[in-house]
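If you read the sequence from its start, that first residue is 1, and numbering goes on from there. Atoms considered below: every heavy atom in the structure, side chains included; atoms not considered: hydrogens, waters and symmetry mates.
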Amino acid sequence: MGGLMDGGLAARKTMDELLPQRLARLRTATGLPVVFGGATHEGLDDEQLRLDYLIGTVGDSMRGLVVQPGKGLGGSVLRHRTPQRVNDYATTVAITHEYDRAVLTEGLTSVFAIPVLVWGQVQGVVYGAVRDRRPIGDRTLQTAIATANQLRRDVEAKLGPSPLESPSGARSAVAELAAVIRDTSDPEMRERLIRIRQDLIASAARVGRSKPVLTPRETEALRLVELGASNPEIAAKLGLSLETVKAYLRSAMRRLEAHTRAAAAQQARLHGLL
């Protein structure tokens with residue numbers, strides 16, 4: 001399992017090297033007053049995010065903030081591995097509010113967070129925000145998603161092939177991890193290692209399958225799903241009938257072996273199709 005863990009550490013180091021410049025580019029491209037982000041790090045129970053890079057903030061309330069999976073906007077992105085935005089941060093019920101003090105001290109009103117998926121795992125998160133209560137539009141979010149995707153490609157290019165691209169290497173890592181689980185007496189640690197092993201098996205299986213292929217319309221529809229659009233909204237944006245949109249999404253779900261629109265968008269993102 002050492003190669004896989006070393007790969008994760010290398011990915012985080014590379015993320016730390018590239019993220020400040022990419023955030024600066026994102027701010028220039030979108031005109032957003034505030035952009036920030038950080039790389040993931042191993043926590044006591046799970047991967048966690050640390051916000052080390054801030055542009056446009058007026059204080060240090062968010063600097064070094066550690067975000068736990070499932071908590072706040074960034075924690076939701078860590079857990080679900082999909083882009084998310086809230087256009088009224090203080091009152092939204094779509095996320096938990098453990099980090100309100102830091103965020104509201106900066107006066108942020110609308111915020112988005114985009115995961116940076118390296119080899120299918122979240123290795124960083126890119127944020128953007130405004131202070132004047134105007135919503136963050138789809139075009140801005142698409143630019144941020146493109147920035148995160150380019151960052152992913154740059155990190156992967158510097159690191160070379162994924163450790164999981166070797167079937168024998170993946171099998172060896174899974175077998176070694178199984179042995180570690182058998183030797184672990186701590187029930188919480190055992191549970192965590194089991195989850196990691198399941199993720200490793202799933203990632204290896206994805207690598208072993210041929211990459212799904214989507215039509216341009218299916219891709220467009222899933223991009224809008226990722227932005228939170230409903231089927232009628234997608235139909236209006238693409239100039240299609242509602243039934244045609246549903247047909248495209250059903251086809252995409254079938255190709256991606258997903259049971260919901262959101263799961264299909266997530267799988268498309270993991271396969272680098274969006």
Side-chain angles (χ1 to χ4, degrees), residues 23 26-27 29-38 40 43 46-117 122 124-149 221-234 236-237 260-266 268-269 274:
L23 286 173
L26 175 61
R27 191 187 192 202
T30 61
L32 286 166
V34 182
V35 295
F36 54 102
T40 58
D46 212 337
E47 292 291 298
Q48 58 191 22
L49 175 72
R50 191 173 67 217
L51 301 182
D52 289 324
Y53 305 106
L54 313 172
I55 301 177
T57 52
V58 295
D60 288 326
S61 64
M62 294 192 300
R63 188 174 301 280
L65 184 69
V66 175
V67 178
Q68 302 293 342
K71 296 184 178 180
L73 181 62
S76 182
V77 166
L78 282 181
R79 175 157 293 173
H80 299 291
R81 303 195 292 183
T82 57
Q84 296 186 34
R85 65 178 161 183
V86 292
N87 280 326
D88 190 349
Y89 180 92
T91 62
T92 183
V93 296
I95 61 171
T96 62
H97 287 273
E98 287 83 358
Y99 310 113
D100 279 11
R101 183 173 182 179
V103 174
L104 298 179
T105 295
E106 278 291 329
L108 304 183
T109 53
S110 300
V111 187
F112 65 74
I114 314 293
V116 183
L117 296 164
V122 181
V125 178
V126 172
Y127 293 77
V130 299
R131 295 189 174 95
D132 57 6
R133 297 195 176 278
R134 59 188 169 92
I136 293 173
D138 290 353
R139 182 173 299 179
T140 296
L141 190 58
Q142 286 286 13
T143 300
I145 290 172
T147 299
N149 283 338
L222 287 178
R223 281 202 182 102
L224 292 170
V225 168
E226 194 174 53
L227 294 174
S230 66
N231 286 355
E233 289 171 336
I234 295 172
K237 286 179 180 291
T260 67
R261 299 180 333 140
Q266 181 178 356
R269 173 66 56 194
L274 297 184

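- Across all their heavy atoms, Val34 and Gly56 have their closest contact at CG2-O, 3.7 Å.
- Closest of all the heavy-atom pairs between Gly128 and Leu32 is CA-CD1, 4.0 Å.
- Looking at Tyr127 and Val103, their side chains never come closer than 4.5 Å, going by heavy atoms from C-beta outward.
- The distance from the CG atom of Asp60 to the CG atom of Leu65 is 12.0 Å, given to the nearest 0.5 Å.
- Within the 3.5 Å criterion, the main-chain N or O of Ile136 finds no donor-acceptor partner in the side chain of Thr140.
- Applying the side-chain contact (heavy atoms from CB on, under 4.5 Å) test to Ala264 and every residue at least two apart in sequence or in another chain returns Leu222, Met253, Leu256, Ala258.
- Judged as a ring pair (Phe, Tyr, Trp, His ring centres under 6.0 Å), and not counting sequence neighbours, Phe112 has no contacts.
- Side-chain atoms of Glu106 come within 3.5 Å of backbone N or O of Gly59 as a donor-acceptor pair.
- For Arg50, the side chain to side chain donor-acceptor pair (under 3.5 Å) partners are Asp52, not counting sequence neighbours.
- A donor atom on one side chain and an acceptor atom on the other are found under 3.5 Å apart for Gln84 and Ser76.
- Between Asn87 and Arg134, the side chains place no donor N or O within less than 3.5 Å of an acceptor N or O (distance only, hydrogens not considered).
- In this structure Arg27 satisfies the side chain to side chain donor-acceptor pair (under 3.5 Å) test with no other residue, sequence neighbours excluded.
- Residues Val125 and Leu78 form a side-chain contact, since some pair of their non-hydrogen atoms from C-beta on lies under 4.5 Å apart.
- A donor-acceptor pair under 3.5 Å is absent between the side-chain atoms of Ser110 and the main chain of Asp88, judged by distance alone.
- With Thr105 contributing its side chain and Arg101 its backbone, the two residues share a donor-acceptor pair below 3.5 Å.
- In this structure, Thr109 contributes its side chain and Val130 its backbone to a donor-acceptor pair below 3.5 Å.
- Annotation for Ala148 and Val116: closest pair O-CG1, 3.9 Å, computed over non-hydrogen atoms.
- In this structure, Gln142 has no side chain to side chain donor-acceptor pair (under 3.5 Å) partners at least two apart in sequence or on a different chain.
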Residues Arg261, Ile234; criterion side chain to side chain contact (heavy atoms under 4.5 Å, CB included); working and verdict: CA-CA 12 Å; Arg261 299 180 333 140; Ile234 295 172; 3.8 Å; yes
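- Counting only heavy atoms from C-beta outward, the side chains of Arg269 and Arg81 never approach each other to under 4.5 Å.
- Heavy atoms from other residues, nucleotides or ligands lying under 6.0 Å from CZ of Arg133 number 12 at most.
- Checking side-chain atoms of Thr40 against main-chain N and O of Val122 turns up a donor-acceptor pair under 3.5 Å.
- Minimum interatomic distance between Ala129 and Phe36 (heavy atoms only, all atoms of both residues): CB-CE2, 4.4 Å.
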Determine whether Leu23 and Val126 satisfy the following criterion, side chain to side chain contact (heavy atoms under 4.5 Å, CB included), listing intermediate values before the conclusion. CA-CA 7 Å; Leu23 286 173; Val126 172; 3.8 Å; yes
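- Put simply, the side chain of Thr57 reaches to within 4.5 Å of the side chain of Met62, judged on heavy atoms.
- Within the 4.5 Å cutoff, no side-chain heavy atoms of Leu227 are placed close to those of Lys237.
- Applying the ring-ring contact (aromatic ring centres under 6.0 Å, His included) test to pairs two or more places apart or on separate chains, those with a residue in residues 67-95 are Tyr89-His97.
- Here the closest heavy-atom approach between residue Leu73 and residue Arg85 is recorded as CD1-N, 4.5 Å.
- For the pair Val67 and Glu98, the minimum side-chain heavy-atom distance is 4.5 Å or more.
- Here the closest non-hydrogen pair linking Ala144 and Leu26 is CA-CD1, 3.7 Å.
- Side-chain atoms of Thr82 and Val77, non-hydrogen and from C-beta on, never get closer than 4.5 Å to each other.
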